[in-house]
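Just so it is clear, the model here is predicted, and its values are computed rather than measured.
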Amino acid sequence: MRKALFTPVIALITLTVLAGAAGCGTGATRAAGPVRFADPGPGTASHAADTGSHHGKRSLVRFPTRPISFTEQSRVGGAGENTPIGMTTLHGPKSGFTGKVWVWAPPEYYDKRNAHKGFPVMMALPGSYGYPVNYWIGSDLKLEENLAQWSKDGTSLPFIVVMPVLNPNDKQYYDGSDIPGQPKIGTWLSQDVPDLVRQNFRTLATRDAWAIMGSSSGGFAALKNVLQNPGTFKVAIPNGPDIVPDSPLWNGHAREEQANNPEVLARRLIARGGPEVCLAFQDGSKEHTVLPKVRKFIAQYGHGPVRTRLQIVQNGTHSAGTYVQGLGEGTMQWVSAHMQGPTA
């Protein structure tokens with residue numbers, strides 16, 4: 001299902017992304033160079049790790065602990081105010097997996113009035129194989145530019161966006177999970193990538209400031225990770241998601257497969273009474289295969305600590321462009337209302 005619905009779209013978007021990285025990206029793109037998001041610069045501040053008090057109250061802010069240099073890939077124009085997208089190759093110490101990760105901070109992050117504030121984070125996962133690039137960095141989709149505009153409009157929080165590759169290759173789906181005998185993609189996504197963000201950005205020490213979005217196979221990974229790791233993520237934005245694991249790599253590992261099944265995870269979360277998670281589903285009205293499955297999941301599991309919302313994009317298809325449209329039609333406003341914004 002994932003291949004049939006998404007692969008042709010991904011092939012086109014991948015070419016666009018590669019062209020953007022080569023010098024045709026958003027905004028005033030310049031030659032690739034180093035960028036350090038924790039360095040002193042216009043409105044930024046370097047701090048040691050600290051979650052101490054601020055003005056007499058306990059602070060949620062986590063300052064960068066081990067900042068590194070990223071390779072600049074492109075710049076985000078429009079409301080993005082020429083802010084950089086950086087890339088690094090992450091050698092995950094907990095998973096043992098090595099993959100590329102792209103990061104972006106919103107214009108508000110660089111404002112000196114916010115130099116002591118931590119910011120919420122959104123992990124954005126692509127569809128299909130999501131390898132060797134993550135298409136959310138592409139100038140055609142304008143995810144970052146739109147998020148910056150919605151923040152200025154007051155309909156979205158200003159998010160740090162982190163965009164890892166989804167799979168270790170373009171031959172198999174790994175369901176964003178630790179499949180026995182395979183690269184530990186679940187640990188990489190839920191621990192190593194968030195740790196990279198904490199080491200390099202001013203973040204917040206609360207699950208209320210962490211969201212994960214994904215499309216199609218990435219939508220499954222987003223849905224599963226919030227239900228499996230509610231101590232890390234509070235919000236998921238599953239776009240046209242698969243609902244159950246279906247990688248052939250699970251063959252012979254039925255018990256582990258069920259431990260990564262969103263239906264099983266939702267039942268367990270409801271049975272223990274929380275913590276609360278917010279699932280902001282998005283689908284195009286023309287997604288005739290996916291939409292009924294999403295509606296069924298919401299009907300069965302959208303109660304108790306599992307809060308759900310469904311954004312249907314009229315005339316929308318199983319495509320990233322449809323989901324960006326849905327983000328601006330209400331999803332980001334709902335998501336932001338359930339999350340912690342920048343604070344000192």
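- Not one N or O on the side chain of S216 forms a donor-acceptor pair closer than 3.5 Å with the backbone of S128.
- Side chain of E287 to main chain of G284: a donor-acceptor pair is present (N/O by atom type, distance under 3.5 Å, no hydrogens or angles).
- The heavy-atom pair separating P241 from V294 by the smallest distance is CD-CG2, 3.8 Å.
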For this session: Start with the C-alpha gap between W210 and V197, add the side-chain angles, then the distance that decides, and say whether side chain to side chain contact (heavy atoms under 4.5 Å, CB included) holds.
Result: CA-CA 11 Å; W210 288 79; V197 178; 4.0 Å; yes

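- Counting all heavy atoms, side chain and backbone alike, G96 lies closest to D192 at N-OD2, 4.5 Å.
- Residues I179 and E256 have side chains not in contact (no heavy-atom distance under 4.5 Å, counting atoms from C-beta outward).
- One finds a salt bridge joining K94 and D195 here, because a Lys/Arg side-chain nitrogen approaches an Asp/Glu carboxylate oxygen to under 4.0 Å.
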For this session: Would you sort out whether Q149 and E145 count as a side-chain hydrogen bond (donor to acceptor under 3.5 Å, both in side chains), showing the intermediate values?
Result: CA-CA 6 Å; Q149 185 60 59; E145 185 175 332; over 6 Å; no

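- Here the closest non-hydrogen pair linking T317 and T322 is N-OG1, 3.0 Å.
- Residues L269 and V306 are in side-chain contact: their nearest non-hydrogen atoms beyond the backbone lie under 4.5 Å apart.
- In this structure, E81 and K152 have side chains that are in contact, with non-hydrogen atoms separated by less than 4.5 Å.
- Residues F281 and Q311 have side chains not in contact (no heavy-atom distance under 4.5 Å, counting atoms from C-beta outward).
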Exercise. Do F297 and L223 pass the side chain to side chain contact (heavy atoms under 4.5 Å, CB included) test, and can you show the C-alpha distance, the side-chain angles, and the key distance before you say yes or no?
Worked result: CA-CA 11 Å; F297 182 92; L223 175 63; 4.3 Å; yes

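- Taking the six-membered ring where the residue is Trp, H318 and Y323 present perpendicular rings, their angle passing 60° and hence far from 30°.
- Neither V264 nor L227 shares a network with the other; the hydrophobic side chains, linked directly or stepwise wherever heavy atoms of I, L, V, M, F, W or Y lie under 4.5 Å apart, form separate groups for each.
- Annotation: Y173 is in aromatic contact with Y129 [ring centroid separation under 6.0 Å].
- N260 places no side-chain N or O within donor-acceptor distance of the main-chain N or O of E257, the cut-off being under 3.5 Å.
- Smallest separation of non-hydrogen atoms from H338 and K234: O-NZ, 2.8 Å.
- Counting all heavy atoms, side chain and backbone alike, M339 lies closest to A209 at CE-C, 3.5 Å.
- Among the candidates W104, W136, Y135, the single residue satisfying the side-chain contact (heavy atoms from CB on, under 4.5 Å) test with L143 is W136.
- Screening F201, F63, Y109 against F119 for a ring-ring contact (aromatic ring centres under 6.0 Å, His included) leaves a single residue, Y109.
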Problem set entry | Trace of the salt bridge (charged side-chain N to carboxylate O under 4.0 Å, His left out) decision for E263 with K293 | CA-CA 11 Å; E263 295 179 333; K293 297 177 182 178; over 6 Å; no

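- Checking side-chain atoms of R207 against main-chain N and O of T232 turns up no donor-acceptor pair under 3.5 Å.
- Looking at heavy atoms from C-beta onward, V101 lies out of side-chain contact with M87 at the 4.5 angstrom threshold.
- Of the possible donor and acceptor atoms, one in the side chain of N134 sits under 3.5 Å from a partner among the backbone N and O of A124.
- Dense packing is recorded around CZ of R272, with more than 12 heavy atoms of other residues, nucleotides or ligands lying under 6.0 Å away.
- Checked by atom type and distance alone, the side chain of D178 pairs as donor or acceptor with a backbone atom of G186 at under 3.5 Å.
- A donor-acceptor pair shorter than 3.5 Å can be found between the side chains of Q282 and T331.
- In this structure, F37 and Y110 have tilted ring planes: the angle between them lies in the 30° to 60° band.
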Exercise. Would M122 and I212 count as a side chain to side chain contact (heavy atoms under 4.5 Å, CB included) if you check the C-alpha gap in whole Å, the side-chain angles of each, and the deciding distance to 0.1 Å?
Worked result: CA-CA 5 Å; M122 176 192 293; I212 180 169; over 6 Å; no

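- Between the side chains of Q191 and S95, no donor N or O sits under 3.5 Å from an acceptor N or O.
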Exercise. Yes or no on side chain to side chain contact (heavy atoms under 4.5 Å, CB included) for Q340 and T343, after CA distance, side-chain angles and deciding distance?
Worked result: CA-CA 8 Å; Q340 173 66 57; T343 184; 3.7 Å; yes

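- The closest side-chain heavy-atom distance from L196 to T88 is below 4.5 Å.
- For the pair P262 and F220, the minimum side-chain heavy-atom distance is below 4.5 Å.
- Scanning both residues, I137 and E144, for their nearest heavy atoms gives CA-OE2, 4.1 Å.
- A 4.5 Å side-chain heavy-atom check between N146 and L327 finds every atom pair outside the cut-off.
- Summarising the local packing, CZ of R268 is surrounded by more than 12 heavy atoms from other residues, nucleotides or ligands at distances under 6.0 Å.
- Panel note: side chain S156, backbone L147; no donor-acceptor pair is recorded below 3.5 Å.
- Judged by distance alone, with hydrogens and angles left aside, the side-chain atoms of N169 form a donor-acceptor pair with the main-chain N or O of K171 at under 3.5 Å.
- Under the 4.5 Å side-chain heavy-atom criterion for ILVMFWY residues, no single connected hydrophobic cluster contains both V290 and V313.
- Between F97 and the choices Y131, W188, Y174, the ring-ring contact (aromatic ring centres under 6.0 Å, His included) rule is met once, by W188.
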